[in-house]
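Every number for a ligand or one of its atoms is a count from 1 in the order of the listing.
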Amino acid sequence: MSTINENEWDKMLLKYKFAKTILEAELEILLKEYEYRAGNSPVEHIKSRLKSEKSILKKLEDKGYDKTVENVEKHIHDIVGFRIVCSFLSDVYDIVNIIKSSKNFKLKGENDYIKNPKETGYSSYHLNILVPIYLEEKLEYVEAEIQIRTVAMDFWASLDHKLQYKLPEDIPVYLERELLSCSDEIKIMDLKMQNLYDIVKKYTDKKQEDKK
Ligand code: 0O2
C-alpha cells in the first residue's frame, strides 16, 4: 500500500534530481582531468537516469517493505544511477580509483562484480556514494549508484536485461546456462583486449622514451 502522497514524492525526488545534477558535473570534471593527464579518453559513454516512480515502488515491494518515503530513502540505493562504460578492464579500475579518491563525495559501499560476478554472470563494478547537497541551508547526503564496466560487459548486461532480468517468472535453466556461457566468453574477450592494449602501450611508451 502506498502511503506516499504527491507532495512527498515531489519533495523527495527534487533532492535526487539535485544530486544527479551535482554528480554529473563532478564526474565530468574528474574524467576530463584524467583524460588530460593520461592523454586519452578511457570512457566510451556515460548514461544517467533517475529511477521512475513505478520502478522504485516495485523494488520496494520486491524487497518486502511498505511504501513510505523513509523506506525509499533507506532501502532503494539507485534512484540516482550512473553508468560509465569504458574501453578496457584497466580503465574500469582507474576510474573506480579516481572516483573513490574524490573529496567531493563520500563512499558508502562498493561491489566488485568483475572479480566476483553475480550468479547470473553479471559483471560490473558498483560504487555507492553519498553526494552532499544543501537544502534549506541544511547539509544532506543523497545516495547514488555508479556502475562502471567495459563495453563487453555492457553489451552482455543490456541484452541480459532484455532477455531475463525483468521477467517475473523463472526462466528455463538452459537459458540461464546460455547466458552464463556468453558471460564467460565476454570475460575471455575482455582479457584478450586488455592484453592487446598492454602490448600496444608498451610499444608506444618505448617510442616516446626513444624520442627523448
Ligand atoms: P535497473 O532497471 O537496471 O535499475 P540494491 O539496488 O543494492 O538494493 P541489489 O540487487 O543488491 O539491490 O544491488 P546490486 O546488485 O548491487 O545492483 C542492482 C543493479 O545492478 C540492478 O538495478 C541492475 O542495474 C544491475 N544488475 C544486477 N544484477 C544484474 C543482472 O543479473 N543482470 C543485469 N542485466 N543487471 C543486473 P535494478 O534496479 O535491479 O534494475
Side-chain angles (χ1 to χ4, degrees), residues 2 4 9 12-13 15-17 19-20 23-24 27 43-86 89 92-93 95-96 99-100 105-131 141-187 189-190:
S2 177
I4 308 175
W9 264 113
M12 183 188 71
L13 286 183
K15 238 172 33 179
Y16 288 99
K17 268 188 204 151
K20 179 172 171 278
L23 190 53
E24 220 146 35
L27 285 178
V43 177
E44 291 288 333
H45 61 264
I46 301 183
K47 269 192 194 161
S48 62
R49 59 112 182 88
L50 274 183
K51 211 174 187 70
S52 69
E53 190 173 325
K54 197 171 148 218
S55 295
I56 294 172
L57 292 177
K58 172 152 190 326
K59 202 160 182 174
L60 215 49
E61 198 179 305
D62 291 347
K63 290 181 172 214
Y65 295 111
D66 286 343
K67 292 165 184 164
T68 64
V69 169
E70 293 72 39
N71 281 342
V72 171
E73 292 184 344
K74 197 165 167 199
H75 302 292
I76 307 298
H77 310 288
D78 62 346
I79 295 178
V80 177
F82 277 75
R83 186 167 295 151
I84 304 177
V85 177
C86 316
L89 266 174
V92 172
Y93 288 97
I95 287 172
V96 166
I99 296 173
K100 279 169 71 175
F105 16 80
K106 286 187 188 175
L107 181 69
K108 186 182 175 223
E110 64 191 302
N111 278 306
D112 185 348
Y113 296 127
I114 298 174
K115 284 207 175 79
N116 304 300
K118 289 205 156 196
E119 269 178 31
T120 53
Y122 175 78
S123 299
S124 189
Y125 203 109
H126 287 195
L127 288 176
N128 285 83
I129 56 158
L130 297 170
V131 184
Y141 285 94
V142 179
E143 186 165 359
E145 181 181 86
I146 309 176
Q147 302 180 344
I148 306 138
R149 53 173 81 141
T150 62
V151 186
M153 292 170 200
D154 194 52
F155 161 73
W156 183 94
S158 56
L159 298 197
D160 170 69
H161 201 279
K162 280 192 187 143
L163 287 173
Q164 72 132 10
Y165 192 57
K166 295 285 181 186
L167 277 181
E169 300 113 66
D170 285 344
I171 65 160
V173 174
Y174 77 89
L175 215 77
E176 279 182 355
R177 269 200 226 113
E178 276 300 288
L179 281 164
L180 207 52
S181 128
C182 289
S183 152
D184 286 342
E185 285 179 39
I186 268 161
K187 231 165 279 159
M189 200 88 84
D190 260 337

Plane angle bin for Tyr113 and His126 - parallel if under 30°, tilted between 30 and 60°, otherwise perpendicular: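 His126 and Tyr113: perpendicular rings.
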
Trp156 N/O to ligand 1 N/O under 3.5 Å: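 No, no N or O pair falls under 3.5 Å.
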
Counterpart residues, salt bridge (charged side-chain N to carboxylate O under 4.0 Å, His left out), relative to Glu24 (two or more places apart):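 Per chain and number, Glu24 pairs via salt bridge (charged side-chain N to carboxylate O under 4.0 Å, His left out) with Lys20.
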
Whether Gln147 lies under 4.0 Å from ligand 1, heavy atom: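 Distance cut 4.0 Å: Gln147 passes for ligand 1.
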
Using a 4.0 Å cutoff against the non-hydrogen atoms of [X], which atoms of ligand 1 qualify?
X: Glu145; result: 17 (O)
X: Thr120; result: 30 (C), 31 (O)
X: His77; result: 5 (P), 7 (O), 8 (O)

Short N-O contact, Arg83 and Asp78, less than 4.0 angstrom: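 Looking at Asp78 together with Arg83, the answer is no, because their closest N to O distance does not fall below 4.0 Å.
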
Residue part near ligand 1, for Arg49, under 4.0 Å between non-hydrogen atoms: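 Looking at Arg49 and ligand 1, just side chain atoms fall under 4.0 Å.
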
For ligand 1, the portion of His161 having any non-hydrogen atom under 4.0 Å away: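 His161 to ligand 1: contacts from backbone and side chain alike.
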
Heavy atoms from other residues, nucleotides or ligands near NZ of Lys54 exceed 12 (cutoff 6.0 Å):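 No - once you tally the heavy atoms of other residues, nucleotides and ligands closer than 6.0 Å, there are 12 at most.
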
Partner of Glu73 by side-chain contact (heavy atoms from CB on, under 4.5 Å), out of Val69, Ile76, Asn71: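 Going through Val69, Ile76, Asn71 one by one, the side-chain contact (heavy atoms from CB on, under 4.5 Å) with Glu73 is satisfied by Val69 alone.
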
Only pairs under 3.5 Å count here: list side-chain donor-acceptor contacts from residues 172-184, not counting sequence neighbours, and write none if there are none.
residue	atom	partner	partner atom	Å
Ser183	OG	Gly121	O	2.8
Asp184	OD1	Lys187	NZ	3.4

Proximal candidate to atom 34 (N) of ligand 1 [heavy atom criterion; set Ala157, Gly109, Ser52]: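 Going through Ala157, Gly109, Ser52 one by one, Ala157 has the nearest heavy atom to atom 34 (N) of ligand 1.
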
